[in-house]
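So the structure is just underneath, and the comments pick up after that.
Only a predicted model underlies this, so the values are computations on that prediction, with no experimental measurement involved.
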Amino acid sequence: MKRFLPLLSFISCITLAAHSQSAAVSDEFEQPYVLSNQLVRTALAKKDYKEAEKQFISFLNQFKGMSADTQKKYAAVIPNQYYNLSCVNALEGQKNKAVLYLDSAFQNGYYDYSHTLADTDLDGLRNDEQFKIVLQKIREKGDYNYILQKAGSYHKNDQRKPLVFTYQNVNAPELVKFRKQYKLDSISGNGDEISKIKNLLFWVHNKVRHDGNSSNPDKKNAVDLIEICKKEDRGVNCRMMATILKDAYLAMGFKARTVTCMPKDTADFDCHVINVVWSETLHKWIWMDPTFNAFVSDDRGNLLSIEEVRAKLILNEPLLLNDDANWNNKEKQTKEHYLDYYMSKNLYWISCNAKNEWDIETLGAGKAPVESVSLYPDKFSTIKGDKVTGKTRVSYATNNAAYFWAKPAL
């Protein structure tokens, strides 16, 4: 069974666009949702699965009669309703109905493969051939390690002239000003290269809070982002947090990029943006995530690159997340959620700006479009042809990982 979310917890998961709806939308949904949950819990406590099914169906019918705004805002509750209908029918011994409801859950966006695999409510269905077919469909959407394993390999036979990754000189006036204004020399400390890289990560994580629903400010550089967050007591999304950390690394003489990590599902807009920074000590790009104060190591404590993490996820090899990885110093991150679920989903393909410098994404009159380079596995691509030119971005696609992760030019 999928747990029943209290209304406030459920609402907290809704996007910013949904929050902008009127209060009447919530009121229309709230009473039947809360009442339904209460009646279902009572029925389940008595193991009255027919009554629980009745209440789930009653709520679904009520939901269909609600306004279009309400249905749009709370659409995420429907897959779980069908999933729970599958569970109560499985517990009742109604295998055919249970499988049909599970398929309805999938058709409405239920992809939680790991939960379905572990849920004892469905144990009576495990040997059913139709159940296995539906379970495989769920796996192909929601088992992100499995999806990575099926992604195919990278190739080195891309002979086109590639875009060149460039990194702003540490002596650029805006970087010098940023370094002095925020005393980055003191923040990075007097330790070795790795300790400096980590200290800058910790500073950004603690300096600005993450708010995934926030709109991007007009000016997208470290100083303006930090100042607007302080002035308006607001947070910024993961891309802006990664922009601040990228600017901090560049200001301290490190080569660094923001990296957009994307899922295979092009209808899934829940991507994540982190940083890579070049380590001369380790001779590779290492993973740094300011949103979650996170970096990743192997089982011997060696810091890893994005490509190393991705490869180990595919091979189910050990990975370690730093103990102090967290969200906004409120919620601790676990390896199981952050790596096995969230980042496994978002490492199918990745994209970086070709230029890595101050204010690169701030739009302005006469400013050249941002050029990006996307790394795709095998023949997968979201780009049709070699280039897509828009108002703000020119994209270049490659499946040559060696080029994408090459040592930065001096």
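Taking the six-membered ring where the residue is Trp, the centroids of Phe380 and Tyr348 are separated by under 6.0 Å. Ring centroid separation for the pair Phe292 and Tyr338 comes in under the 6.0 Å cut-off.
Applying the 6.0 Å contact sphere to NZ of Lys332 captures more than 12 heavy atoms from other residues, nucleotides or ligands. Within 6.0 Å of CG on Asp192 lie more than 12 heavy atoms contributed by other residues, nucleotides or ligands. In this structure, Tyr403 places its OH atom where more than 12 heavy-atom neighbours from other residues, nucleotides or ligands lie under 6.0 Å away.
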Evaluate Ser297 against Leu303 for side-chain contact (heavy atoms from CB on, under 4.5 Å), listing each step before the verdict. CA-CA 4 Å; Ser297 307; Leu303 288 176; 3.7 Å; yes
Decide yes or no on side-chain contact (heavy atoms from CB on, under 4.5 Å) for Tyr154 and Glu307, but give the supporting numbers first. CA-CA 11 Å; Tyr154 295 121; Glu307 199 50 46; 3.2 Å; yes
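Looking at Lys246, its side chain does come within 3.5 Å of a backbone N or O of Glu357 through a donor-acceptor pair. The backbone N or O of Tyr167 sits nowhere less than 3.5 Å from a side-chain atom of Asn356 that would complete a donor-acceptor pair. Counting only distance, with no hydrogens or angles, the side chain of Arg179 and the backbone of Ala251 share a donor-acceptor pair below 3.5 Å. Here the side chain of Thr362 pairs a donor or acceptor atom with the backbone of Lys220 at under 3.5 angstrom. Judged by distance alone, with hydrogens and angles left aside, the side-chain atoms of Ser214 form a donor-acceptor pair with the main-chain N or O of Asn237 at under 3.5 Å. Using a distance-only test at 3.5 Å, with no hydrogens or angles considered, a donor-acceptor pair links the side chain of Arg234 to the main chain of Ser215. Between the side chain of Asp119 and the main chain of Met1, a donor-acceptor pair closer than 3.5 Å is present. Under the 3.5 Å distance criterion, the side-chain polar atoms of Gln168 are matched with a main-chain donor or acceptor of Trp358. Judged by distance alone, with hydrogens and angles left aside, the side-chain atoms of Tyr249 form a donor-acceptor pair with the main-chain N or O of Ile197 at under 3.5 Å. A donor-acceptor contact shorter than 3.5 Å is absent between the side chain of Asp224 and the backbone of Lys219.
Residues satisfying the side chain to side chain donor-acceptor pair (under 3.5 Å) test with Lys312, not counting sequence neighbours, are Glu317. Under the side-chain contact (heavy atoms from CB on, under 4.5 Å) criterion, Asn316 pairs with Asn145, Gln149, not counting sequence neighbours. Scanning for side-chain contact (heavy atoms from CB on, under 4.5 Å) contacts around Cys261 gives Val259, Ile274, Met343, Asn346, Leu347, Ile350, with sequence neighbours left out. Applying the side chain to side chain donor-acceptor pair (under 3.5 Å) rule to Gln55 yields the partners Glu51; only residues at least two apart in sequence or on another chain are considered. In this view, Glu280 and Glu193, Trp278, Lys407 satisfy the side-chain contact (heavy atoms from CB on, under 4.5 Å) rule, not counting sequence neighbours. Residues that satisfy the side chain to side chain donor-acceptor pair (under 3.5 Å) test with Asp233, not counting sequence neighbours, are Arg209. By the side chain to side chain donor-acceptor pair (under 3.5 Å) test, Thr42 is found to be paired with no residue, residues two or more places apart in sequence or in another chain being considered. Listed by chain and residue number, Arg126 satisfy the salt bridge (charged side-chain N to carboxylate O under 4.0 Å, His left out) test with Asp123 (two or more places apart in sequence, or in another chain).
For the atom pair CG of Leu163 and OG1 of Thr398, the computed distance is 10.0 Å after rounding to the nearest 0.5 Å. The CZ atom of Phe404 lies 5.5 Å from the CG atom of Leu375; values are rounded to the nearest 0.5 Å. Summarising the geometry, atom SG belonging to Cys352 is positioned 6.5 Å from atom CD1 belonging to Ile306; distances are rounded to the nearest 0.5 Å. Leu91 CG to Asp48 CG: the interatomic distance, rounded to the nearest 0.5 Å, is 12.0 Å.
No donor-acceptor contact under 3.5 angstrom links the side chains of Glu28 and Tyr74, judged on distance only. No side-chain N or O of Asn108 forms a donor-acceptor pair with one of Gln81 less than 3.5 Å apart. At a cut-off of 3.5 Å, with distance as the only test, no side-chain donor of Ser104 or Tyr110 sits close to an acceptor on the other residue. One side chain, Asp112 or Ser114, offers a donor N or O that lies under 3.5 Å from an acceptor on the other.
Relative ring orientation between Phe295 and Phe202 is described as tilted, the plane-to-plane angle lying within the 30° to 60° band. Aromatic ring orientation, Phe29 versus Tyr33: parallel (interplanar angle below 30°, classes split at 30° and 60°).
For the salt bridge (charged side-chain N to carboxylate O under 4.0 Å, His left out) condition, the pairs that include at least one residue of residues 333-343, sequence neighbours left out, are Lys335-Asp340. Among residue pairs with one or both ends in residues 290-300, those qualifying as salt bridge (charged side-chain N to carboxylate O under 4.0 Å, His left out) are Asp298-Arg300; sequence neighbours excluded. The list of salt bridge (charged side-chain N to carboxylate O under 4.0 Å, His left out) pairs with a residue in residues 281-290, not counting sequence neighbours, reads Lys284-Glu308.
Leu304 is listed as a side-chain neighbour of Leu319, based on a closest heavy-atom distance under 4.5 Å. Counting heavy atoms from C-beta outward, Phe131 and Lys95 have side chains that stay 4.5 Å or more apart. Within the 4.5 Å cutoff, the side chain of Arg257 has heavy atoms near those of the Phe165 side chain. Side-chain contact between Lys198 and Ile194 is present, with heavy atoms from C-beta onward closer than 4.5 Å. Side-chain contact between Gln333 and Tyr342: absent, with no pair of heavy atoms (C-beta onward) separated by less than 4.5 Å. At a threshold of 4.5 Å between non-hydrogen side-chain atoms, the residues Tyr182 and Lys207 count as touching. Residues Phe178 and Leu250 have side chains not in contact (no heavy-atom distance under 4.5 Å, counting atoms from C-beta outward). With contacts defined as side-chain heavy-atom distances shorter than 4.5 Å, the pair Val236/Thr243 does not qualify.
What you find for Gly191 and Lys196 is that their closest heavy atoms are O-CE, 3.3 Å. Residues Ser36 and Phe59 approach most closely at OG-CB, 3.6 Å, considering heavy atoms. Scanning all heavy atoms of the two residues, the minimum distance from Asn399 to Tyr376 falls at CB-O, 3.1 Å. Nearest approach of Met252 to Val170, heavy atoms of both residues: C-CG2, 4.2 Å. For the residue pair Gly152 and Asp378, the shortest heavy atom distance occurs at CA-CB, 4.0 Å. Between Ser344 and Tyr144, the closest heavy-atom pair is OG-C, 3.3 Å.
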Hey, can you pull the donor-acceptor pairs under 3.5 Å for the side chains in residues 96-103, sequence neighbours left out?
{"unit_1": "Lys97", "atom_1": "NZ", "unit_2": "Glu53", "atom_2": "OE2", "d": "2.8"}
{"unit_1": "Asp103", "atom_1": "OD1", "unit_2": "Lys137", "atom_2": "NZ", "d": "2.6"}

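Among the candidates Leu245, Asp324, Asn326, the single residue satisfying the side-chain contact (heavy atoms from CB on, under 4.5 Å) test with His205 is Asn326.
We find that Lys132 and Glu129 are joined by a salt bridge, their nearest charged nitrogen and carboxylate oxygen being less than 4.0 Å apart.
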